[in-house]
Amino acid sequence: MTYRMAKVIVDVPSRETDRPFDYLIPESMASWLEIGSRVAVPFGRRTIQGFVISLHEQPEMDAARMKPIQEMLDLLPPLPQDLVELASWMSRKYACSMIATLQAMIPTALKGKTERYISVADNDELPQDEEGMSVLPILTDEEKQIVAYVRASGHVLMDHLSARFPAYPGILKGLLRRGTLTESQVIKDKVRKKTIKSVSVAVQGDEAEAALSSFTAQAKRQKEVLEFLLEVGIPISLQEVLSTLGVTAGTVKKLAEKGFAVIEDVEVFRDPYQGRHFKGSTPLERTPEQENVYRRLIAALDAHRHEVFLLHGVTGSGKTEVYLQTIERCISLGRQAIVLVPEISLTPQMVERFKGRFGGKVAVMHSRLSTGERYDEWRKIREGRVEVAIGARSAVFAPFQNLGLIVMDEEHETSYKQEETPKYHARDVAVRRARQHGAAVILGSATPSLESYHAARSGGGDRHEEFAPVLLEMKQRPSGSQLPAVQIVDMREELKEGNRSMFSRALHQGIAARLERGEQTVLFLNRRGYSTFVMCRTCGYVAGCPECDISLTYHQKSNNLRCHYCGYAEPAPSVCPECGSEHIRYFGTGTQRVEGELAKLFPGIRVIRMDVDTTSEKGSHEKLLQAFRDKKGDVLLGTQMVAKGLDFPDVTLVGVIAADTALNFPDFRAAEKTFQLLTQVAGRAGRHQLPGEVFIQTYMPEHYSIVHASGHDYTSFVREELKHRRALYYPPYSRLILVTLSHEKLPLLLRMAENFAGDLRAKAQRLGWFGSLDRLTPSALDILGPVASPIPRIKNRYRFQCMVKYRGDLDAVSLVRETAATTLDQLKDGDFQISIDVDPQMLM
DNA sequence: AGCACGCCGACT
DNA sequence: GTCGGCGTGCTC
């Protein structure tokens, strides 16, 4: 006799529980349970959620220590088997727990929560008193009260009960222990029906008259609301009441409490693109260049061959059209496709293009969807109702059964790296997943990351690479339009000549000319380096977060100062808290300053500003762009978000206010980031009939990233940049792991950080890894640090970091992970944390 | 992460 | 003498 059992990863975020636990499969589930099923399992004294990762047969003797699975939570497993396998690869590669990885693969709606219900135990055999209570356990008055309450309600939520009887902590526990009350636990999904609050009047005629006259002078606002509701007559959304009358929700609530109005939740159907019609689009004719690329791509598709392509195409070379046609081919072969785009470029135009070509076969996933909307889109994929999924980073986990193609647009974007656990890079995950499916991968960019480009050029001969893409190039724009002329403006010269404004004379004249001709200008400000901090000009005081070593950011809208890292907020001061001076200045977002200057220089100019302040509201991003498209603005001024994929026919001038702000950052990718950004921005001008002009203002006009960006010369940039990388053995000539240790107590942390680094060094030594990284460098693995992190304190925790630089074919991740575990075990203090970031993108 | 068990301080 | 602080250890 054997038993069927399942290995389950339980939803407990701790190192000790990051392993499979064995459970018996009840007969009733036997034919339904699969790898990837989500289950509720008893774990210790509670019931929690878990994921089945394998199924086995066990001899009877082993079954004794196993508990049975309590419940299956879905009919269709939320994770197909290939994703479970991918998850174990990811946990190894990125040194994170299996549960964190599995959770990242499914919509948050399925992150089940334990609910505890209390009910009265069924003690029929026990003698009972007149009230029907078991006599045997002698109950105090308080206990009787609780038991009576539970009995009356059938079964009660634990949270509700402890809220209802807050005065007697421990009594509840006692009743449960003695068996008078029993507890049951279920897993409840986070999926909520989407509702809006609707308000309607509850009084009419004379009653209403009486109600209106009942308000005291103080309740003026309530009276206004009631008058408004009577006037409208029909139920109206609370939101509308608030915005029309400018009252707060509290006012309406009071009215409802008095019984004059009713507020109810009305369910609304969620379809993010409900009622929208997408103009159909048909494939464009391919240019010879596109034809070559296309042939090469579909050859892999047709042969069902896993192959990775790096599509290097200049801005405007029609990469999207190539994607669309390749996807079409993929679908016609009965396979599905995933399209990954950076969140910021997942604009309505982009969505429109895909919906227009593939209609209802597309699921769209982006961060602005609600939990429920995302869950619905995800279900379309899981249930096989769509063929294409388009979305940001996490769409790489779209649960397709027969994946044929993964497209990653703007492959160089850092947003493909997740900064939270699991700290995965969607590019590497995409390649790995495609390999499982025998699918093709297209990595597209006008400015490929050095890692991908170098891997393609070296043909994988370099030990640091995990894959070797085939390089495909597109150098022309199908429209025949030329890449715009780019002029570098040396701001030092401007200063020398007495121009102290942030606009050079050339840019100034350029804007003036556009205003005259009714053409448009895009101004780009590299936000990094432009701060929004508050400084006292008298004493030099800078407002900083009390918990983190970082300056606070000024938010105009709420007129307060906020910490970017921990969320701490305080009202903006009007005088300096240190010296009392009134000369305290808000260095508003850089864009605000530029906007002010523009207004001064060009009275009456219409500026559309796009930055965190103006785009925080849902849909505002799109609205601003549409306004600019409708020529309601002369200038579009913004940060990174104006650099991506925008395409406006009347834009003939692009100005970069300060190109070099990011160049001085202590990040080995600073030059690459600057080059990519400038190239993207420059590609925004003159994409149509009108010729474009680009001005790049800089204090470092001779820097190679600026020079080559102005010449649209990717190849030369790469050549130079690779030299620098090679000299210092930075990626792509090595790989990196960033280890950050944190604790509240600085001396303790310092000691632990030294321990960690020492231990790691010793282990690497033993493995003989301090050999040769290359013939010019001393070791195959190098440990830099520990040093204080660039932000040395966050949320009152000090931070130290070590950078591990190593030859790509070594399993340094396992070594680091084991060492981290050892170090953590040395300290029984739960407040000690070690975070491991494999292939870090942000070194700040 | 929870939750229980277990061993030392301030109270009826 | 008990209530309760949170250190320690375990969860199939």
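Quick note on labels: first sequence line is chain A, next is B, and so on, each numbered from 1.
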**Student:** Between A:K67 and A:D22, does any side-chain N to carboxylate O distance fall below 4.0 Å?
**Tutor:**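 Salt bridge flag = no for A:D22 with A:K67.
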**Student:** Mind checking what makes ring-ring contact (aromatic ring centres under 6.0 Å, His included) contact with A:Y424, not counting sequence neighbours?
**Tutor:**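 So A:Y424 forms a ring-ring contact (aromatic ring centres under 6.0 Å, His included) with A:F397.
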**Student:** Once you apply a heavy-atom cut-off of 4.0 Å, does A:R65 come out as touching a base, just sugar-phosphate, or nothing?
**Tutor:**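 Contact class for A:R65: base.
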**Student:** Counting any heavy atom closer than 4.0 Å, what does A:P20 reach on the DNA or RNA strands: base, sugar-phosphate only, or nothing?
**Tutor:**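 Nothing, no nucleic acid heavy atom in range.
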**Student:** Within this structure, what is the CG-to-C1' distance between A:D22 and C:dT11, rounded to whole angstrom?
**Tutor:**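 From A:D22 CG to C:dT11 C1': 13 Å.
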**Student:** Which of these passes side-chain hydrogen bond (donor to acceptor under 3.5 Å, both in side chains) with A:D189: A:Q49, A:R38, A:K111, A:K113?
**Tutor:**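 Considering A:Q49, A:R38, A:K111, A:K113, a side-chain hydrogen bond (donor to acceptor under 3.5 Å, both in side chains) with A:D189 is found only for A:R38.
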**Student:** Whole angstrom is fine here: how far is it from CG in A:D18 over to P in C:dC12?
**Tutor:**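 It works out to 16 Å between those atoms.
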**Student:** Looking only at non-hydrogen atoms, find the nearest pair between A:L369 and A:V364 and report the distance.
**Tutor:**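 Reported closest heavy-atom pair: CD1-O, 3.4 Å.
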**Student:** Give every residue pair that meets the salt bridge (charged side-chain N to carboxylate O under 4.0 Å, His left out) criterion with at least one member in residues 736-745 of chain A, sequence neighbours excluded.
**Tutor:**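 Listed by first then second residue: nothing to list.
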**Student:** Please state how far atom CE in A:M158 lies from atom C1' in B:dC3, giving the value in whole angstrom units.
**Tutor:**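 So the CE-C1' distance, A:M158 to B:dC3, works out to 11 Å.
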**Student:** Is any side-chain N or O of A:R46 closer than 4.0 Å to OP1 or OP2 of C:dT11?
**Tutor:**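 Answer is no, no contact under 4.0 Å.
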**Student:** Taking CD from A:Q58 and C1' from C:dC12, how many angstroms apart are they, rounded to a whole number?
**Tutor:**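 Nearest whole value for this atom pair: 11 Å.
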**Student:** Within the 4.0 Å heavy-atom criterion, would you say A:F43 contacts the bases, only the backbone, or no part of the nucleic acid?
**Tutor:**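 Here A:F43 touches the bases of the nucleic acid.
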**Student:** Specify the separation, in whole Å, of atom CD1 of A:I99 and atom C1' of B:dA1.
**Tutor:**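 About 12 Å, once rounded to whole Å.
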**Student:** Across the strands shown, which category fits A:R15 at heavy-atom distances under 4.0 angstrom: base, sugar-phosphate, nothing?
**Tutor:**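 Nothing, no nucleic acid heavy atom in range.
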**Student:** Would you kindly give the NZ-to-C1' distance between A:K7 and C:dT11, to the nearest whole Å?
**Tutor:**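 These atoms are roughly 15 Å apart.
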**Student:** How many whole angstroms separate atom CZ of A:R4 from atom P of C:dC12?
**Tutor:**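 After rounding, the gap between these two atoms is 21 Å.
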**Student:** Side chain of A:R116, heavy atoms from C-beta onward: which of C:dC10, B:dC3, C:dC12 has the nearest atom to it?
**Tutor:**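 That would be B:dC3.
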**Student:** Rounded to the nearest Å, what distance is computed from the NZ atom of residue A:K67 to the P atom of nucleotide C:dC10?
**Tutor:**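 Rounded to whole Å, this separation is 15 Å.
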